[in-house]
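Heads up, the thing below is written out as structure tokens.
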Amino acid sequence: MTSRSPSGVEHGPAVPATRFVGRQADLENVRRRLAESRLVTLTGVGGVGKTRLAVELTRTLGRAFPDGIRMVDLSAVGETGQIAQAVVTGLAVIDRSIGTPESKLIGHLTGRQMLLILDNCEHVAEGCSALIEEILDHTDQVRVLATSRRTLGVPGEHLYPVQPLAVPDMSRLPGAADLAAVDAMQLLADRARATQPDFALTDANLAAAARLCVRLDGLPLAIELACTRLRSLSLQELTERLEARLDVLTGPVTRSGQRTRSRQHTLRAVMDWSHSLCSPRQRLLWARLSVFAGNFDLRAAEAVCSGDGLPRDDVLDELDQLVAQSVVAAEPTGTTVRFRLLETIRQYGRERLAELGELENLRERHLEHYLTTARQVAAGWATPGQREGLLRLRSEYPNLRAALDHALAEPTDGRRALELVTALRQLWYADGYLSEGRDWLERVLAAAPTTETPEDRRALADGLWVAAWVTLLQGDHERAAARIDHCESLADRPGPDRAAGFVSALRGTSLLFRNRLPQAQAAYEQAVVVFRRISDTEGLLWTLFQLAITASHQGDSARAERICRESIELSEATGERLCRSYAMWVLGFDTWRHGDARRAEQIVAEALAGHRDFHDAVGVALLIELAAWIADTRGELATSARYLSVADAVWESIGTRLTAFGPPLQEHRLACESSLRARLDPAALRAARKVPRFTSVDDAISAVLDPEPAAPPAVKPSVLTGREREIVPLLADGLSNREIAARLVISPRTVDGHVERILAKLGFSTRTQVAVWVARNG
Ligand SMILES: Nc1ncnc2c1ncn2[C@@H]1O[C@H](COP(=O)(O)OP(=O)(O)OP(=O)(O)O)[C@@H](O)[C@H]1O
Ligand SMILES: [Mg+2]
């Protein structure tokens, strides 16, 4: 289910590493409920398996929702409860426009047939209910599946209590084969094998296994925790020890196998037991790890959780032990491993942390660590580490939010909150999180410290220019101007500084977007002088390409080209890539305007190729727009029309339009459209406008860069088999192999094979080429 949004952000649940057991009836029942009701809430105690059931549903329900299934984990949403924003971010709705997160979410969901899964709603139940009600009221086809330990109370909500896994009936012990088939027994056997690969349920251990499952109430989390002890205990010993423990903590089981205390007590007792079996260092680490939101990496665990009884060098070993005991889950992600505590286990750790009196200290260290991370990424912007830095911020988003929350909660921490929100600027404007960034900036600025010391003054000035930048990109000129003025009044005197440079540069941008070109040029020139004097590469790079396009709009091609070349050289010397591609865009634009469309096309292709793994949607949209205008000039009318459609798809995904970037660009767009209307016959125009749905910026780039065959392939559709002919239109509609498999009720692996053969027979290398071919051949 994991998919990529135009921003390149991964979302959707990670595929669990462990086997899913049983629950076939639950899967079917929830599916039916979802067909009848637009809101189904999976309720049940912690650790019963709500989240896991929801994840499994995403794997089996795909076909029912043409626009997919998206899962958003709300466990890391802090008390301040920005639920709608968390969902907008979780869905990777990259939205640069102004508006409430609620309205953006509704805008994004409208017209979509999708299932939205909101996981872990209980701690923000009220806010969740309000949001879900709004979603259901304002959309027709979206369905919501929530998981929550308690009901949400939304009208029309269909509750689905998730029961523990079925356990053997001890009053009527069936035969061995039947016993081993019971769900809880299967989970036990499966998790036991993770510890002891040759574990099997045999006549010798069946009775003990059955007793253990009953005693643990069939609670999956309790079974998982208990099974990790099979490394050092036999099943019989484990059962006896746990029984003794549980009898003390929760009262004995009655003869018929009934519980005398609630399931919460059972799980609690198992967690207490697991905790007591941990070494003192492991206990300390468990408690301290609870400070993280979402997942975290080893580096963070070492930095935040070491010291005072836990040497830094031992963190890895202890973490490893906690993984072996199922207290911590390890999630391999590409080149690194990240770690996560299940919510119930995290909460348990949080209570221990509070008991130890370390909560404040840990929050403090967590904030320091993420502030350092953010500062490093900001400092590494104009270096070859730029992209990795951005990816790092993306994967640390829940922790960065938690750190911001913490800094905001401390009235004395105004400066660190400012520093953090400023250091995250690339996340806000280069990664598309404008709205969320603006929201944080507003809150942090409202709580900003008085400006008594030069450090406070500088931090505030930096926060103000970042806020102005974000606001400007959202098209709110008035508010941006107020921020810029305020920033200017604080800029250090005497002599230029970074804030002064950005004040000038942003004034330039505001003027450029409003087509006041000579004034924009003067402002940018002033900024360039400042940035050069203080050797600020980041500021200089952001300013140079804007100065260049201002020159180009004014007809000064020689100057535009000179500035672009300087900017590109500087990017190349430092390893910076993002501003380089913007400078290439300006160079391509200027080259096209001054007559060399062929050369311009090459420049655009090179710039687009540089974006392949960067995911800057605005840069890509601007380049594809330009590619369309160039194609029109070169008489490649159908190609031009298709590129415009591709660009529109990208613009739509980020919620802004070319118009936001000033009238001159918009004029070129309009000219291109009217040229196509005049020169291309309506049927061809319609066909070219039919572009496949994009799931990523990379797809959009491929639609432009991957060479199409000059002529329709020599083969006729008749070389395709019947099944292949069925698949071709689905491919052309942009469906993934998995979606095609669901549609045709065949396995994804079979579809993979068909798609490969189709491409080979038609002589294509990409799916987009198939789409274009279908559009052309009706
Ligand atoms: N049917 C199942 N098959 C295999 N493993 C399961 C199953 N149900 C639950 N588990 C495992 O049990 C553990 C607890 O499940 P899960 O996290 O889904 O509980 P939850 O009800 O969502 O708890 P919480 O209220 O704390 O969020 C997880 O490790 C999960 O993978
Ligand atoms: Mg859960």
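Order of appearance sets the numbers: ligands from 1, and atoms from 1 within every ligand. Residue numbers count from 1 along this sequence.
The shortest separation from a heavy atom of Gly44 to ligand 1 is not under 4.0 Å, leaving the residue out of contact. Contact between Thr147 and ligand 1 is absent, with no heavy atom of the residue lying under 4.0 Å from the ligand. Heavy atoms of Val45 come nearer than 4.0 angstrom to ligand 1 in at least one pair. Within the structure, ligand 1 lacks Gln347 among the residues with a heavy atom less than 4.0 angstrom away. For the ligand labelled ligand 1, residue Gln24 lies outside the 4.0 Å heavy-atom shell.
A donor-acceptor pair under 3.5 Å is absent between the side-chain atoms of Arg281 and the main chain of Glu318, judged by distance alone. Looking at Arg38, its side chain does come within 3.5 Å of a backbone N or O of Val142 through a donor-acceptor pair. When atom types are taken as modelled, the side chain of Thr750 and the backbone of Ile746 share no donor-acceptor pair closer than 3.5 angstrom. Although no hydrogens or angles enter the test, the distance criterion places a donor-acceptor pair under 3.5 Å between the side chain of Glu122 and the main chain of Arg149. With hydrogens and angles disregarded, no donor-acceptor distance shorter than 3.5 Å links the side chain of Arg59 to the backbone of Val55.
The aromatic rings of Tyr370 and His366 are tilted relative to each other, their planes meeting at an angle between 30° and 60°. Ring orientation note: the planes of Trp286 and His275 are nearly perpendicular, at an angle over 60° on the 30°/60° scale.
For ligand 1, the atoms lying closer than 4.0 Å to a non-hydrogen atom of Val21 are 1 (N), 2 (C), 3 (N), 4 (C). Heavy-atom proximity to Asn120, at under 4.0 Å, picks out these atoms of ligand 1: 27 (O). Set against the non-hydrogen atoms of Gly46, the atoms of ligand 1 under 4.0 Å away are 23 (O), 24 (P), 25 (O), 26 (O).
Of the polar atoms of Thr344, at least one N or O is found under 3.5 Å from an N or O of ligand 1, judged by distance alone. Considering backbone and side-chain atoms alike, Glu224 places an N or O below 3.5 Å from some N or O of ligand 1. In terms of polar-atom proximity, defined here as any N/O pair under 3.5 Å, Glu343 makes no such contact with ligand 1. For the pair Leu342 and ligand 1, the shortest N or O to N or O distance does not fall below 3.5 Å. At a 3.5 angstrom cut-off on N or O pairs, Phe20 does not count as close to ligand 1. Backbone and side-chain nitrogen or oxygen atoms of Leu165 are examined, and none is located within less than 3.5 angstrom of a nitrogen or oxygen of ligand 1.
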TODO: Take Glu343 and Thr51, measure what side chain to side chain contact (heavy atoms under 4.5 Å, CB included) needs, and give me the verdict at the end.
DONE: CA-CA 10 Å; Glu343 191 50 23; Thr51 300; over 6 Å; no
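Within the 4.0 Å heavy-atom criterion, the part of Leu187 lying near ligand 1 is the side chain and not the backbone. Neither the backbone nor the side chain of Asp183 has a heavy atom within less than 4.0 Å of ligand 1. With a 4.0 Å cut-off on non-hydrogen atoms, Gln186 does not touch ligand 1 at all.
For the Mg ion (ligand 2), protein N, O or S atoms closer than 2.8 Å were enumerated as Thr51 OG1, with waters left out.
In summary, the side chains of Glu240 and Gln236 do present a donor paired with an acceptor at a separation below 3.5 Å, with no hydrogens or angles considered.
Arg191 pairs with exactly one of Leu188, Thr195, Leu187 by the side-chain contact (heavy atoms from CB on, under 4.5 Å) rule, that one being Leu187.
Residue nearest to atom 31 (O) of ligand 1, selected from Glu122, Arg149, Arg52: Arg52 (by heavy-atom distance).
Other residues, nucleotides and ligands contribute over 12 non-hydrogen atoms within 6.0 Å of the CZ atom of Arg350. Counting non-hydrogen atoms of neighbouring residues, nucleotides and ligands closer than 6.0 angstrom, the CD atom of Gln196 exceeds 12 such neighbours.
Rounding to the nearest 0.5 Å gives a distance of 10.5 Å between CG of Asp314 and CG of Leu285. Between Thr239 atom OG1 and Leu212 atom CG the span is 4.0 Å, to the nearest 0.5 Å.
No cation-pi contact links Arg346 to Tyr348, judged by a cut-off of 6.0 Å to the six-membered ring centre and 45° from its axis.
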